[in-house]
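Reviewing the structure listed below.
Residue numbers start at 1 and run along the sequence shown.
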Amino acid sequence: MRRNLFWLNDEQWRQIERHLPKDVRGKERVDDRRVISGILHVLRSGCRWCDCPPEYGPPTTIYNRFVCWAERGVWGTLFRELAARGRSTNTQMIDSTHVMAHRSASGAKRGNRTKRLDARAAGATRKSTQSQMLRAVFFPSC
């Protein structure tokens with residue numbers, strides 16, 4: 001089975017490497033090139049961190065490195081440095097429309113609060129009668 005893995009080539013790595021933090025405390029960091037390739041694979045494919053292929057290393061390492069460097073501003077700095085060089089001939093735009101949202105991200109039946117209040121003031125009927133049914137059961141005198 002052939003996997004579609006993403007690996008940074010030598011030129012890409014040369015441009016990125018000098019912008020990475022060098023202040024490693026504690027245990028020595030694992031291969032940055034492998035981990036960054038894993039991060040980019042997750043971001044490009046839209047898969048979950050735990051579904052990252054094992055060739056990139058442990059998913060927790062990949063996720064923790066992404067989060068830690070995001071908090072430290074490493075990704076923002078790296079992006080600004082690379083973007084300041086001008087437009088790449090290989091990449092023309094950044095587009096995230098391929099990233100899928102979780103099914104709960106579509107929102108509930110809330111809607112815009114002012115629209116709901118305007119509709120209530122105009123005497124519109126409710127789309128859901130659940131609250132009216134519960135009120136009738138628990139507070140029959142209302």
Hey, are the side chains of Trp69 and Val35 touching, using non-hydrogen atoms and a 4.5 Å cut-off? no
Nearest heavy-atom pair of Gln12 and Leu8: which atoms, and what distance? OE1-CA, 3.4 Å
Side-chain touch Arg33/Asp10, heavy atoms, less than 4.5 angstrom: yes
Are more than 12 heavy atoms, taken from residues, nucleotides or ligands other than Phe6, located less than 6.0 Å from that residue's CZ atom? yes
Quick one, Tyr63 with Thr60, criterion side chain to side chain contact (heavy atoms under 4.5 Å, CB included). Give me CA distance, side-chain angles, the key distance, then yes/no. CA-CA 5 Å; Tyr63 172 77; Thr60 52; 5.8 Å; no
Where Pro59 and Cys50 come nearest, the two heavy atoms and their spacing: CB-CA, 3.9 Å
If you compare all heavy atoms of Ile62 against all heavy atoms of Gly57, which two are closest, and at what distance to 0.1 Å? CD1-O, 3.9 Å
Atom of Lys22, atom of Glu17 and distance for their closest heavy-atom approach: NZ-O, 3.1 Å
Determine the minimum heavy-atom distance between Pro53 and Leu5, stating which atoms define it. CG-CD2, 3.5 Å
Mind checking ring pair (Phe, Tyr, Trp, His ring centres under 6.0 Å) for Trp13 and listing every partner two or more places apart, or none if nothing turns up? none
Do the side chains of Gln15 and Leu82 get nearer than 4.5 Å, heavy atoms only? yes
For Val42 and Cys47, the nearest pair of non-hydrogen atoms, with its separation, is CG1-O, 3.4 Å
Identified ring-ring contact (aromatic ring centres under 6.0 Å, His included) partner of His41 from the options Trp7, Trp49, Tyr56: Tyr56
